[in-house]
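Right, I'll just put the structure down here and ask away after.
Sequence positions, counted from 1, serve as the residue numbers for this chain.
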Amino acid sequence: MNALAPFRRGGNHPPRVEVERRPDGSILLRNPYPLVTPPENLIAPFRRWAAEAPDRIWLAERTGPGPGWRKVTYGEAHELISRIAEGLLARGLGHASGGHAPLMILSGNSIDHALMTYGAILAGCPVAPVSRSYSTQSSDFAKLRYVVDLVKPRAIYADDMPVYEKALAALDLTGIKLFHSRRPHSAGSTAIAELIATPSGAAAREAYDRLAFDDVAKFLFTSGSTGMPKAAINTHRMMCTNAAMLRSMLADPANEPPAVTLTWLPWNHSFGGNSVLNGTTSWGGTIYLDGGAPTLQGFAETLRNLREVSPTTYSNVPAAWAMLTPELERDPVLAATFFRDLKQLAYGGAALSQDLGDRIQAVAARTVGHRLPFSSGYGATETAPTICNVHWATERMGLIGLPLPGIVLKLVPVGAKLDVRVKGDCVTPGYFGRPDLTAKAFDEEGFYQLGDAAKFVDPDDPSKGLVFDGRVVEDFKLDTGTFVNAGRLRIQAIEAADGLIQDALVAGIDRSYAAILAWPNVAACRAFVGEDLSVAEIVADQRILARIGEGLARHNADHPGSSTQIRRALLMTEPPSLDAGETTDKGYVNQSLSLERRADLVKRLYADPPGAEVVVA
């Protein structure tokens with residue numbers, strides 16, 4: 001049905017790209033559309049929307065297990081941010097400190113988190129949001145101590161201080177001011193209510209006038225999956241321009257209604273904190289905060305929220321889409337609420353499988369009579385984040401799109417691949433305190449090197465866009481010397497398994513064939529067998545293993561080359577570890593590190609004869 005249903009008519013520009021081919025084989029790509037004027041700084045949107053739409057909801061969050069929501073309008077937000085800035089300045093922070101030592105934020109997403117973020121930025125105090133895994137899921141707090149020593153915060157905010165007491169006890173808090181929302185630190189901390197009680201006045205107004213486009217606004221920490229985290233500098237220029245770049249792809253941005261979205265994506269990541277929070281705020285949209293997460297324990301809250309909130313745009317990581325899709329398929333009431341006002345779907349952080357994309361579109365067609373443009377963005381923490389975007393309706397999942405206005409994308413031949421590099425106002429000036437890493441990150445022309453490979457969907461028609469061609473560092477050779485594109489094979493494995501696996505690790509370095517370690521899609525597996533199995537039961541269930549084997553066998557029949565086949569699979573019970581750096585909060589899995597940590601499972605995967613739990617295709 002969805003193959004015949006039309007796409008919802010969108011208001012985006014059609015895809016266009018200017019191509020410059022150099023004699024050395026490198027290719028430069030530019031977007032010919034003009035860049036809309038970005039906000040003059042990150043606080044300017046609050047001034048604008050407080051004047052133009054003071055009663056419009058900016059943020060909303062649950063007040064508890066009941067149906068209530070706490071809501072803050074743009075008019076209220078502007079006043080609260082100004083008061084917080086005034087209070088921080090009165091306590092010697094921001095411009096008043098004479099330096100740029102940041103406010104570190106330990107908490108998850110909340111209205112108070114957002115108010116503290118923008119209040120600190122207004123005061124001239126950069127923010128450094130830290131993954132909660134560093135402070136609540138770590139056994140030694142090594143990464144937390146490292147980032148504190150690196151950026152040397154003058155203040156730390158946590159919504160509920162007792163939750164973080166153990167982590168804070170591992171730090172030297174000398175000279176660091178503490179702020180809280182609910183319960184204070186045992187040694188004392190200042191409530192955000194005290195900051196809000198500070199009347200806004202001349203200090204906040206003067207602070208606004210001092211904000212410069214190239215001021216540091218955030219330090220965003222990379223996942224640290226191959227070592228300790230790097231503090232990527234994010235300026236007002238980077239984030240304001242990136243919001244404008246995405247806005248520029250609308251055919252009529254001045255008349256585009258404000259967006260409404262629901263999001264759980266963590267603000268310590270660029271996807272959630274820059275693209276969603278700042279991007280939505282820049283153009284006066286409304287954000288409902290989702291206290292759920294794409295986990296077995298957390299996804300029920302996401303479903304509860306989606307039964308009440310009808311977004312106009314919805315963006316998530318593939319792991320979350322994998323959990324949402326079967327729920328939409330089985331629950332027409334949920335689907336009706338979800339699709340009622342939707343104009344656009346989106347994914348980021350990793351490629352979405354074709355199977356999931358097709359299934360989502362089938363539900364949309366069945367529910368509202370049309371398919372929806374399924375956008376995706378591509379970029380990095382260091383690029384604020386989006387440098388490429390799929391802004392047109394397409395049947396194909398897994399594209400990274402075309403460069404946004406203001407971006408110069410350089411594709412450089414490296415072996416058989418094209419290495420992705422970028423210039424533009426959304427690119428970081430470097431890593432705080434690590435000039436050595438900054439120097440390595442840029443090539444001789446000043447292009448930031450992402451470490452990814454890309455290729456044209458159609459080399460004869462570049463306007464059809466680019467597709468991700470794997471992490472350059474994750475590809476490997478079989479013992480025959482044949483290269484395996486691990487990124488592409490991972491996506492194909494997920495598609496081949498008919499929705500029964502959520503993510504996979506591709507093994508096979510120096511072996512005769514590729515194989516996968518996979519995490520089961522628990523909800524899909526339970527629906528397939530019609531039983532409420534535990535994860536341990538799922539990974540051993542022969543019905544599930546047989547179905548995965550059939551899917552892999554079909555894949556192998558369609559891909560006869562040794563580098564494109566998946567000969568074996570083994571399902572895993574242990575999720576990827578945030579603390580060990582296997583994964584980020586948004587679900588990207590570091591292939592090489594995860595395989596190294598799971599060497600015992602790789603050994604079982606390739607054992608001869610294979611055990612009963614190993615799928616042989």
Per side-chain hydrogen bond (donor to acceptor under 3.5 Å, both in side chains), Trp264 is matched among Thr302, Asn316, Asn109, Asp290 by Asn316
Quick test of your reading of the model: are Arg598 and Asp600 salt-bridged, counting only N-O distances below 4.0 Å?
no
May I ask you to say whether Arg567 pairs ionically with Asp608, meaning some side-chain N is under 4.0 Å from a carboxylate O?
no
For Phe374, which of Phe7, Tyr314, Trp321 qualifies under ring-ring contact (aromatic ring centres under 6.0 Å, His included)?
Trp321
Only one of Thr383, Asn234, Thr381 passes side-chain hydrogen bond (donor to acceptor under 3.5 Å, both in side chains) with Asn274, and that residue is Asn234
Using a strict cut-off of less than 4.0 Å between a Lys/Arg side-chain nitrogen and an Asp/Glu carboxylate oxygen, indicate whether Arg543 and Glu550 qualify as a salt bridge.
no
Indicate yes or no: does Arg371 engage Asp358 in a salt bridge with an N to O separation below 4.0 Å.
no
Ring-face cation of Arg511 near Tyr606 (centre distance under 6.0 Å, axis angle within 45°):
yes
Taking atom types as modelled and ignoring hydrogens, do the side chains of Thr263 and Thr261 form a donor-acceptor contact shorter than 3.5 angstrom?
no
Pair Asp419 + Lys410, salt bridge at N-O below 4.0 Å
no
Check residues 400-409 and write down every donor-acceptor pair under 3.5 Å in which the side-chain atom is one partner and the other belongs to a residue at least two apart or another chain.
none

Checking Gln565 side chain against His559 main chain: does a donor-acceptor pair fall under 3.5 Å?
yes
Are Glu613 and Arg604 ion-paired here, with the side-chain N under 4.0 Å from a carboxylate O?
yes
Output yes when Glu329 and Arg366 qualify as a salt bridge under the 4.0 Å nitrogen-oxygen rule, no when they do not.
no
